[in-house]
Amino acid sequence: SPEFRSFDDNARLLRETLDACVEGLVRYYPAVALGLSGGLDSTILAASLVQAGINVLPYSLATDEVVGDETRYARIAADALGLSLLRMPYTLDGVDLSTSVAAHLPRPVGLSYQRPLYQYWADAMGGERAIVTGNGGDEVFCLMASATPVVDRWLDTRNLVETVRSALDVCRLTGSPLQTVVSRALRTYRGRHSPYAWGTETRFLTPEAIAGSRARHREALRHPWLNPPVDTVPGKKVHVANLLRLQHFVEGPPRDWPTSVIYPLLAQPVMELCLGIPTWQWSSGGRNRAVVRRRWPPAPPAA
């Protein structure tokens, strides 16, 4: 159930919860390596690790092409925290499409490009150093670029002025005109009692495969998380469904792999807190993941 704390109270509580979970999960390792892209999620972890006094080595995987090289952003974050960034070149040489990266799992999840990643970790980090990753942050921190938070705010508050304020936030966030946001919000409001509709990708399937799979999909796409109580607001249905999408992250590398992989943003206290924060707070001010972006303590007002 949502806890209707103020935006600042939620930002403070989230900051405290994140710091506590990060420190609690890694405190018994002599050192940790952090995958640092320079984006929001990994930078938050880097700051928490430094604040906790953890011996942390940030690294950034980089391809030969500019689109696959985030080193320039990662270095900005590392420099700001007084850390030395390790740039690790990534190539496709270690990808073996004939061998499953999920052979150790009871279900076929996993991405083929992960095999070189596991090998880089093992070669560069060694067994005494845990790997910390910010995977799952987009889902946990309710990254959402739709008019759904507008509907949630109306259902949560029944306050027209506040609802309009959320609509303007979505306009700034998505670059959409107010008319479009209101139209989409009304459509979502009319379907607010419907369960979450899990989309399927069929562009790479033959017509025969599509026809044969539709009946199976009706059964396969059932999941307890996709059947919330009838009074659940639409945005929370999306938030929970997005958490379901990231489940393949939690399995990690093969069981005999020597190094632990830790996902602090998927810690239970973090996830429970984030699920209790209204979706319209996450898009406050027209910024995605606004609650976790909030500087704490707040910056003093400009003179």
Side-chain angles (χ1 to χ4, degrees), residues 1-11 13-14 40 136-203 214 217-247 265 270-294:
S1 300
E3 297 286 346
F4 292 111
R5 292 178 292 265
S6 70
F7 179 89
D8 279 346
D9 283 347
N10 276 325
L13 186 57
L14 181 54
L40 177 64
D138 289 350
E139 292 80 7
V140 174
F141 298 146
C142 197
L143 179 62
M144 191 182 299
S146 72
T148 308
V150 181
V151 180
D152 284 6
R153 191 159 197 178
W154 171 251
L155 294 173
D156 286 340
T157 67
R158 299 293 179 174
N159 185 306
L160 183 59
V161 173
E162 292 185 3
T163 303
V164 171
R165 186 176 297 122
S166 284
L168 295 175
D169 286 341
V170 172
C171 289
R172 287 190 288 270
L173 177 63
T174 63
S176 301
L178 182 60
Q179 180 180 357
T180 300
V181 171
V182 171
S183 174
R184 297 291 178 86
L186 289 173
R187 185 191 309 172
T188 300
Y189 180 80
R190 287 193 292 268
R192 64 190 182 280
H193 298 305
S194 302
Y196 179 82
W198 192 280
T200 56
E201 176 57 76
T202 60
R203 287 181 297 174
R214 278 178 177 158
H217 278 166
R218 294 191 191 99
E219 181 67 28
L221 293 181
R222 291 179 183 175
H223 190 280
W225 292 10
L226 301 180
N227 294 286
V230 294
D231 59 346
T232 304
V233 293
K236 282 303 157 185
K237 297 177 185 178
V238 177
H239 196 173
V240 170
N242 285 339
L243 293 179
L244 186 59
R245 294 178 186 275
L246 62 81
Q247 289 302 299
L265 303 185
V270 176
M271 296 180 76
E272 289 183 351
L273 174 59
C274 290
L275 282 170
I277 297 175
T279 57
W280 39 270
Q281 287 192 4
W282 290 109
S283 60
S284 179
R287 306 179 74 192
N288 65 63
R289 299 166 290 178
V291 180
V292 78
R293 289 183 187 272
R294 181 72 158 102

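A quick note: this is a predicted structure, and the numbers were derived from the prediction, not measured. Side chains are part of it too, since the values below use all heavy atoms of this structure and drop only hydrogens, waters and symmetry mates.
- For the atom pair Leu186 CG and Trp154 CH2, the distance stands at 11.5 Å (nearest 0.5 Å).
- Going from atom CZ of Arg187 over to atom OG1 of Thr148 covers 11.0 Å, rounded to the nearest 0.5 Å.
- Once rounded to the nearest 0.5 Å, the distance linking CE of Met144 with OG1 of Thr279 reads 5.5 Å.
- Across every non-hydrogen atom of Cys274 and His239, the tightest pair is O-CE1, 3.5 Å.
- Between Arg158 and Tyr189, the closest heavy-atom pair is NH1-OH, 4.1 Å.
- The distance from the OG1 atom of Thr188 to the CG atom of Leu155 is 10.5 Å, given to the nearest 0.5 Å.
- Note that CG of Asp138 is 8.0 Å distant from CG of Asn288, once rounded to the nearest 0.5 Å.
- With Lys237 contributing its side chain and Ala197 its backbone, the two residues share no donor-acceptor pair below 3.5 Å.
- Of the inter-residue distances, the one linking Ile277 atom CD1 with Leu14 atom CG reads 5.5 Å to the nearest 0.5 angstrom.
- Across all non-hydrogen atoms, the minimal contact from Trp280 to Pro149 is CB-O, 3.6 Å.
- Between the side chain of Ser166 and the backbone N or O of Thr163, no donor-acceptor pair lies under 3.5 Å.
- Residue pairs meeting the salt bridge (charged side-chain N to carboxylate O under 4.0 Å, His left out) criterion with at least one partner in residues 140-155, sequence neighbours excluded, are Arg153-Glu162.
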List, one per line, each side-chain donor-acceptor pair under 3.5 Å for residues 168-183, sequence neighbours excluded.
{"from": "Asp169", "atom 1": "OD1", "to": "Arg172", "atom 2": "NH2", "distance (Å)": "2.6"}
{"from": "Asp169", "atom 1": "OD1", "to": "Gly285", "atom 2": "N", "distance (Å)": "3.2"}
{"from": "Asp169", "atom 1": "OD2", "to": "Gly285", "atom 2": "N", "distance (Å)": "3.4"}
{"from": "Thr174", "atom 1": "OG1", "to": "Val170", "atom 2": "O", "distance (Å)": "2.8"}
{"from": "Thr174", "atom 1": "OG1", "to": "Ser176", "atom 2": "N", "distance (Å)": "3.3"}
{"from": "Thr174", "atom 1": "OG1", "to": "Ser176", "atom 2": "OG", "distance (Å)": "3.0"}

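- Between Ala290 and Phe7, the shortest heavy-atom distance links the atoms O-CZ, 3.6 Å.
- What you find for Val151 and Pro234 is that their closest heavy atoms are CG1-CG, 4.0 Å.
- The two atoms that bring Arg5 and Gln281 nearest to each other are O-NE2, 3.0 Å, heavy atoms only.
- Shown here is Arg289, whose CZ atom has more than 12 heavy atoms of other residues, nucleotides or ligands within 6.0 Å.
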